[in-house]
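Take a look at the structure below.
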Amino acid sequence: MNAERVEWIEEPVVYVVDDDASMRLALEDLLASAGLRTCGFDSVDAFLAHSPGTAPACVVLDARMAGQAGMEFQRRLQSHELSLPVVFITGQSNLGSGVEAARQGAIELMAKPFDDQALLDAVNDGIARDQCRRQDAGGLASLHERWASLSAGERDVARLMVLGMLNRQVAARLEISEITVKIRRGQLMRKMHAGSLPELVRMAARLGM
């Protein structure tokens, strides 16, 4: 049961936000026909009140609902700490607003009438982007946890190692013995799960060291 629950949570979802019920249902049917799970909302407020969970996701939004050519919607996403890819759908009458919305972060702008396959491709691209973002975020969080597990002395050695200093140079800088440097070096490499110095350097770069 638990395994099934985890699998369900991780299944990608497409949020369809459109106050036109017929259009919203048509979009949901199209996405469902491609095997995508959907969740529809008739307003931006209703969508933002929903907890998106941990599943990879993409938002399909009618551009005229975004407010101020999409800028308001993007700001509200950020205020809710959401970084979801957005596919804007726009009519010819509000094409300018849609273009501005795209400039504000939308991954795709679909003018009505749009090609069904083009929309599906855009949504799948959005889901893939969100999956990568979540994986990167998870990996960085794990990296921070590993760094936090180091002792103060091990961190000092690590900082000098990534600068290219040799053990004797690190020992001299920290005023400790070279044996102590070697011991701390072995411990920090094990805790960081780093198989080599270049790998540790890449980790340090991700940590902003």
Side-chain angles (χ1 to χ4, degrees), residues 1-15 35-37 39 47-59 73-87 104-108 122-209:
M1 178 65 71
N2 289 339
E4 292 178 358
R5 177 60 178 173
V6 170
E7 182 180 357
W8 182 84
I9 290 176
E10 295 302 323
E11 181 185 356
V13 58
V14 183
Y15 299 109
L36 293 167
R37 183 163 61 102
C39 190
F47 165 68
L48 292 175
H50 172 78
S51 176
T54 60
C58 180
V59 180
F73 180 71
Q74 297 296 338
R75 284 197 296 269
R76 295 183 69 182
L77 272 182
Q78 293 171 2
S79 70
H80 284 69
E81 297 184 351
L82 296 175
S83 300
L84 298 176
V86 181
V87 174
Q104 297 301 318
I107 64 169
E108 189 64 69
V123 167
N124 282 318
D125 177 53
I127 290 173
R129 293 189 191 194
D130 194 47
Q131 178 70 66
C132 289
R133 179 187 65 81
R134 290 173 186 272
Q135 289 176 343
D136 288 345
L140 184 58
S142 175
L143 202 56
H144 277 290
E145 289 178 1
R146 280 179 266 167
W147 178 257
S149 73
L150 302 183
S151 68
E154 289 164 354
R155 291 178 197 170
D156 289 339
V157 171
R159 291 188 181 97
L160 297 179
M161 282 175 58
V162 299
L163 293 177
M165 288 190 179
L166 301 176
N167 288 345
R168 57 182 174 78
Q169 295 172 316
V170 174
R173 175 68 66 86
L174 297 178
E175 299 182 346
I176 57 179
S177 71
E178 193 169 342
I179 293 297
T180 300
V181 171
K182 290 179 179 179
I183 292 173
R184 291 180 182 177
R185 177 170 181 156
Q187 291 173 332
L188 74 90
M189 293 292 281
R190 176 179 54 81
K191 291 180 180 179
M192 291 300 293
H193 300 170
S196 65
L197 179 57
E199 186 176 358
L200 182 67
V201 171
R202 289 193 293 272
M203 291 179 177
R206 289 197 67 190
L207 290 168
M209 291 172 54

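From a predicted model like this one, the values you see are computed outputs, not experimental measurements. Nothing fancy with the numbering, it's 1 onward along the sequence.
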[X]: which residues meet the salt bridge (Lys or Arg N to Asp or Glu O under 4.0 Å) condition with it, sequence neighbours left out?
{"X": "Arg146", "value": "none"}
{"X": "Arg129", "value": "Asp125"}
{"X": "Asp130", "value": "Arg133, Arg134"}

Atom pair [atom1] ([X]) and [atom2] ([Y]), whose distance is rounded to the nearest 0.5 Å:
{"X": "Arg159", "Y": "Leu188", "atom1": "CZ", "atom2": "CG", "answer": "11.0 Å"}
{"X": "Ile127", "Y": "Leu84", "atom1": "CD1", "atom2": "CG", "answer": "11.0 Å"}
{"X": "Arg173", "Y": "Leu163", "atom1": "CZ", "atom2": "CG", "answer": "8.0 Å"}

Distance-only criterion, 3.5 Å: show the donor-acceptor pairs between side-chain atoms of residues 178-187 and protein atoms not counting sequence neighbours.
| residue | atom | partner | partner atom | Å |
| --- | --- | --- | --- | --- |
| Thr180 | OG1 | Ser177 | OG | 2.8 |
| Arg185 | NH1 | Asn167 | OD1 | 3.0 |

(message) Test side-chain contact (heavy atoms from CB on, under 4.5 Å) on Val87 and Val14; report intermediate values, then the result.
(response) CA-CA 10 Å; Val87 174; Val14 183; over 6 Å; no
(message) If you compare all heavy atoms of Cys58 against all heavy atoms of Gly126, which two are closest, and at what distance to 0.1 Å?
(response) SG-CA, 4.1 Å
(message) Which heavy atom of Val162 sits nearest to which heavy atom of Ala204, and what is that distance?
(response) CG1-CB, 3.9 Å
Side-chain donor-acceptor pairs of residues 191-202 under 3.5 Å, sequence neighbours excluded:
| residue | atom | partner | partner atom | Å |
| --- | --- | --- | --- | --- |
| Lys191 | NZ | Glu154 | OE1 | 3.0 |
| Lys191 | NZ | Glu154 | OE2 | 3.4 |
| Ser196 | OG | Glu199 | N | 3.4 |
| Glu199 | OE1 | Gly195 | N | 2.8 |

